[in-house]
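The next block holds one structure in the form of structure tokens; read it before the comments.
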Amino acid sequence: QVSLVESGGGLVQAGGSLRLSCAASGLPFIRRAMAWFRQAPGKEREFVAVISRLSRSVDYTDSVKGRFTISRNNMANTIALQMNNLQPDDTAVYYCAAGRDNQIRSTAQAYDDWGQGTQVTVLS
């Protein structure tokens with residue numbers, strides 16, 4: 001059974017930083033691209049970042065480029081999202097997702113396995 005468990009969310013002032021982590025189990029982690037999505041109240045879930053299985057390819061939504069960094073540790077079956085210069089528009093529940101394969105995809109429909117989410121709130 002696949003399990004994805006996010007941690008690291010919290011409350012931060014605008015301009016601050018947070019580091020999210022996601023621990024994966026029950027899947028062939030090294031074979032899968034891994035991604036972060038987020039969902040703000042009243043909005044659809046949106047793509048944030050994705051990383052290929054060996055970290056050779058990454059992609060970000062435009063609004064976080066230069067501020068967020070996705071990384072993974074295949075020995076520990078974890079991924080992380082370092083978020084710097086956070087802004088109120090970054091406030092959302094952040095979800096970890098496992099891809100079906102190593103393809104870099106930015107649509108939620110391409111991901112079958114999801115974590116429960118972790119809340120990030122940025123105060124202005």
Side-chain angles (χ1 to χ4, degrees):
Q1 184 175 353
V2 176
S3 174
L4 301 173
V5 180
E6 301 95 336
S7 61
L11 192 67
V12 65
Q13 294 284 343
S17 298
L18 284 173
R19 183 177 178 86
L20 305 183
S21 295
C22 172
S25 61
L27 76 164
F29 184 80
I30 198 170
R31 298 181 185 175
R32 306 280 192 93
M34 298 292 295
W36 289 97
F37 285 77
R38 65 187 180 186
Q39 189 167 17
K43 295 187 177 181
E44 292 189 356
R45 193 168 297 189
E46 70 165 341
F47 166 76
V48 176
V50 61
I51 187 167
S52 63
R53 67 186 191 97
L54 297 179
S55 305
R56 290 172 180 166
S57 297
V58 297
D59 192 21
Y60 300 91
T61 192
D62 286 346
S63 63
V64 309
K65 286 180 180 177
R67 300 189 297 124
F68 291 11
T69 302
I70 188 171
S71 60
R72 66 189 291 161
N73 181 335
N74 288 338
M75 295 296 291
N77 283 12
T78 60
I79 67 169
L81 187 68
Q82 177 66 40
M83 306 186 294
N84 297 329
N85 191 21
L86 283 159
Q87 300 301 315
D89 284 348
D90 296 317
T91 295
V93 177
Y94 283 70
Y95 297 90
C96 170
R100 297 168 187 158
D101 48 34
N102 192 39
Q103 293 299 308
I104 299 295
R105 298 184 176 94
S106 60
T107 57
Q109 292 79 2
Y111 295 82
D112 293 331
D113 299 307
W114 297 84
Q116 83 289 348
T118 185
Q119 177 70 47
V120 172
T121 302
V122 184
L123 302 177
S124 58

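Just so you know, residue 1 is the first one in the sequence shown, and it goes up from there. These values consider heavy atoms only, across backbone and side chains, with no hydrogens, waters or symmetry-generated copies.
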Kindly indicate, with the supporting measurements, whether the criterion ring-ring contact (aromatic ring centres under 6.0 Å, His included) is fulfilled by Trp114 and Phe37. CA-CA 10 Å; Trp114 297 84; Phe37 285 77; 5.0 Å; yes

Which pairs of donor and acceptor atoms, one on a side chain in residues 56-64, lie under 3.5 Å apart (sequence neighbours left out)?
unit_1: Tyr60; atom_1: OH; unit_2: Ile70; atom_2: N; d: 2.9
unit_1: Asp62; atom_1: OD1; unit_2: Lys65; atom_2: NZ; d: 3.0
unit_1: Ser63; atom_1: OG; unit_2: Arg38; atom_2: NH2; d: 3.4

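- Distance check, rounded to the nearest 0.5 Å: CG of Leu20 to CH2 of Trp36 gives 5.0 Å.
- Without hydrogens or angle criteria, Glu6 side chain to Cys96 main chain gives a donor-acceptor distance under 3.5 Å.
- In this structure, Asn74 contributes its side chain and Phe29 its backbone to no donor-acceptor pair below 3.5 Å.
- Here the OG-CE distance, from Ser71 to Met34, works out to 11.5 Å after rounding to the nearest 0.5 Å.
- Taking every heavy atom of both residues into account, Gly8 and Leu18 meet most closely at O-CD2, 3.9 Å.
- Arg105 pairs by the salt bridge (charged side-chain N to carboxylate O under 4.0 Å, His left out) definition with Asp101, not counting sequence neighbours.
- Between Leu4 and Ala98 the shortest heavy-atom distance is CD1-N, 3.8 Å.
- Residues Ile51 and Leu81 share a hydrophobic cluster, clusters being chains of Ile/Leu/Val/Met/Phe/Trp/Tyr side chains in contact below 4.5 Å.
- Under the 3.5 Å distance criterion, the side-chain polar atoms of Gln87 are matched with a main-chain donor or acceptor of Asn85.
- Clustering ILVMFWY residues whenever any of their side-chain heavy atoms sit less than 4.5 angstrom apart, transitively, puts Tyr111 in a cluster other than the one holding Val48.
- Checked against side-chain hydrogen bond (donor to acceptor under 3.5 Å, both in side chains), Asp89 has no partners two or more places apart in sequence or in another chain.
- Ser3 pairs by the side chain to side chain contact (heavy atoms under 4.5 Å, CB included) definition with Val5, Ser25, not counting sequence neighbours.
- In terms of the side-chain hydrogen bond (donor to acceptor under 3.5 Å, both in side chains) criterion, Asn102 has no residue partners (sequence neighbours excluded).
- For Val122, the side chain to side chain contact (heavy atoms under 4.5 Å, CB included) partners two or more places apart in sequence, or in a different chain, are Val12, Ala14, Leu86, Pro88, Asp90, Thr91, Val120.
- Considering only residues two or more places apart in sequence or on other chains, Val93 meets the side chain to side chain contact (heavy atoms under 4.5 Å, CB included) condition with Tyr95, Gln119.
- For Ser17, the side-chain hydrogen bond (donor to acceptor under 3.5 Å, both in side chains) partners are Asn84, not counting sequence neighbours.
- For residues 71-82, there are no salt bridge (charged side-chain N to carboxylate O under 4.0 Å, His left out) pairs, not counting sequence neighbours.
- If you take CZ on Arg45 and CZ on Phe47, they are separated by 14.0 Å, rounding to the nearest 0.5 Å.
- Smallest separation of non-hydrogen atoms from Ile79 and Ala35: CD1-O, 4.0 Å.
- Residue pairs meeting the salt bridge (charged side-chain N to carboxylate O under 4.0 Å, His left out) criterion with at least one partner in residues 10-33, sequence neighbours excluded, are Arg32-Asp113.
- Taken to the nearest 0.5 Å, the CE atom of Met83 stands 11.0 Å off from the OG1 atom of Thr69.
- In this structure Ala23 satisfies the side chain to side chain contact (heavy atoms under 4.5 Å, CB included) test together with Thr78, sequence neighbours excluded.
- In this structure Asp112 satisfies the salt bridge (charged side-chain N to carboxylate O under 4.0 Å, His left out) test together with Arg100, sequence neighbours excluded.
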